[in-house]
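Quick note on labels: first sequence line is chain A, next is B, and so on, each numbered from 1. What's counted below: heavy atoms across the whole structure, side chains too, no hydrogens, waters or symmetry copies.
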Amino acid sequence: MSNDNGVLVKVNNVEKVFRRGSEEIHVLTGLSLEVPSGDFLALMGPSGSGKSTLLNLIGGLDRPTAGSVSIGGERIDQMGDRALAAWRARHVGLVFQFYNLLPVLTAERNVELPLLLTHLSKADRRKHVEAALNVVGLSHRTKHYPRTLSGGEQQRVGIARAIVTDPTILLCDEPTGDLDRKSGDEILSLLQALNREHGKTIVMVTHDPHASGRAKRTVYLDKGRLSSMKPE
Amino acid sequence: MTSPINWISQILCVTAFNLRTLPARKGAAASAAIGIAGVVAVFVGVLSIAEGFRKAMTASGSPDTAIVLRSGSNTEMTSGFSRDETRLIADAPGLARSADGALASAELFVIINLPKRFTGTDANVPLRGLDWTAFDVRKDLKIAQGRRFERGRNEIVVGAGAAREFAGLDIGKKVRVGRNDWEVVGVFTSSGGIAESEIWADATVLQSAYQRGASWQSVYARLTSAEAFQEFKDSLTTNPQLNVKVVRQTDYYAEQSTQMTRLIQTLGYAIAALMGLGAVFGALNTMYSAVSARTREIATLRALGFGAGPVVFSLLIESLALALAGGVAGAAAAYFAFDGFSAATMNWQSFSQVAFAFTVTPRLLIQAIICSMVIGLIGGLFPAIRAARLPISAGLREV
Ligand SMILES: Nc1ncnc2c1ncn2[C@@H]1O[C@H](COP(=O)(O)OP(=O)(O)OP(=O)(O)O)[C@@H](O)[C@H]1O
Ligand SMILES: [Mg+2]
């Protein structure tokens, strides 16, 4: 999936403007970013600086106002809605701060969700779900509903759902933001293992220096731009 | 690219999730369904009145029976014949015969006032004067209790509907009308037809009681067959000694019921439309809150790669399912509550009370279900479109 020089994500001179009524909010102003394949990148910055916005652009959940976003050499900013949805299903694994599990589905059904968009048989889907739950260490909780699981366990179900399709890139928006230190550490170790042992490329938004310390490198977002130095 | 099969299976998945969330929202869902059930019940209820009224007006009509009126009159009220004219009519070809002669019954009627059994208020009833031939001219007429009136006596037989609606119309009782007392000697039925709303007496007695002399208003004629109608009609309308109008009984009653049926139907549709509007808002409200409660879930599904189309469709299906449940419940309730319920009302065209039974027809039930589905469709469409148009990134920000 990576092109010649190993760059997986190429965000080039991107602008993002939100309109709220007559007001225009310039969130990203000419931002560029390259993420090599196999990277584990932490994205930090003050609240409201546009971290989630950038992550959404990389994951094809939103389109830039100007500039381009290429993943594995594909221009995703120019895809139509249906093509983009299909692209997300194939290439992106998403992990959310509040897990975003469907409360009416058991852990294994939640993990199975993205596989419903593939042409896998029921038996194959079950195999993939088992494997993913095994990776996150939740093989014993497969029939549990989200509300009966702890926050850390729910986030592990979330990660299993994100990796079950073997996506090109994992995008995590404050994955430990809602967890205590111990559960957060377990999640970070899990992400680290996914990066090291399974070669997953990960971009993780976080507020927590402790979390960013687990990544291979950290970039800071402030006033619409990136820098590799923590701003004053 | 997504294939169509995939699209349909997405709809099924998302619909299944939506329906699973129903138990958590059963209050709102039930109130929307009950609102729709109410609309449907009222819709069916009012229109079953129209159906029942029309049925009562046409039930007694038979295609091989003709009614002869003075030309230019649309109802018996404005018609009039002399004895000679009624004789000429009774001589026409195409008439069925019995041992007593041609089955042509010269009749007159007056409108009298009687108190209603349940309210005590006066209402109009037709008192029809006729000869015994009338019992043979009307095919399905049966004396259910008692006997026929004796010729030349102040006796009446009452239709079953009139007996039900009006006070004092019990066998053996005397009813005072004008300066005369009339004794009730029998009750007749005519398969629920309009005749059941009438009171019958001997024509000659009625003529003298009301100083009508030897005049009649209409001739009811039983034909040898339905096909004999044209011959009968032609011979009368071409007879230079007569100036008449000949209508089939079925057409006559249908004509008489049109205004009333239309009035009730218009009323029914208007009430249903008003209530329907309310139910649309109920459904809209339910679906909007269903959608907003699940904004983040829907955004999550779409973030994972589920399409906006399947989301819209599944929400519509959910709304339609709710509406269908309400519609079926309402239609069933209306059927059990109203079908066969008897009532009487004024027929403005004949200025008299018509007894009838609410009639819930299959067609009415189907209309009602369609009406509930339309409510469900409108109620679900806008929330579904809103859910699909909300940007995913905005949906994910909802907590
Ligand atoms: N869909 C939207 N419509 C309007 N404004 C938006 C939208 N999404 C984000 N914004 C605005 O863009 C700015 C950046 O939002 P974003 O969520 O990317 O910040 P963030 O860095 O992730 O903040 P946090 O650390 O609080 O999550 C904020 O001012 C936010 O209000
Ligand atoms: Mg954020």
Give a yes or no on this: more than 12 heavy atoms of other residues, nucleotides or ligands lie within 6.0 Å of atom CZ of A:Arg126.
no
Heavy-atom count check: over 12 atoms from other residues, nucleotides or ligands less than 6.0 Å from B:Phe17 CZ?
yes
Examine whether an atom of A:Arg161 lies under 4.5 Å from a heavy atom of chain B, and if so say whether it belongs to the side chain, the backbone or both; otherwise answer neither.
side chain
A:Glu74 vs A:His91, side chain to side chain contact (heavy atoms under 4.5 Å, CB included): CA-CA, chis, key distance, verdict
CA-CA 11 Å; A:Glu74 268 190 287; A:His91 294 294; 4.2 Å; yes
Quick check on the interface: out of A:Asp81, A:Val92, A:Leu105, A:Leu84, who has the most heavy-atom pairs with chain B under 4.5 Å?
A:Leu105
Which bit of A:Asn100 is near chain B, if near means a heavy-atom gap under 4.5 Å: side chain, backbone, both or neither?
both
Below 4.5 Å, heavy atoms only, C-beta onward: do A:Glu174 and A:His207 meet side chain to side chain?
yes
Which region of A:Leu61, side chain (C-beta onward) or backbone (N, CA, C, O), has a non-hydrogen atom less than 4.5 Å from a non-hydrogen atom of chain B, or is it both or neither?
both
Heaviest contributor of heavy-atom pairs below 4.5 Å to chain A, chosen from B:Arg302, B:Arg294, B:Arg397, is B:Arg302
Answer yes or no: are there more than 12 heavy-atom neighbours, outside A:Arg125 itself, under 6.0 Å from its atom CZ?
yes
Among B:Gly309, B:Ala299, B:Cys13, B:Ala303, which residue forms the greatest number of heavy-atom pairs with chain A at distances under 4.5 Å?
B:Ala303
Interatomic distance, A:Tyr220 atom OH to A:Leu43 atom CG [nearest 0.5 angstrom]
10.5 Å
Among A:Gly93, A:Gly59, A:Pro103, A:Pro114, which residue has the highest count of heavy-atom pairs closer than 4.5 Å to chain B?
A:Pro103
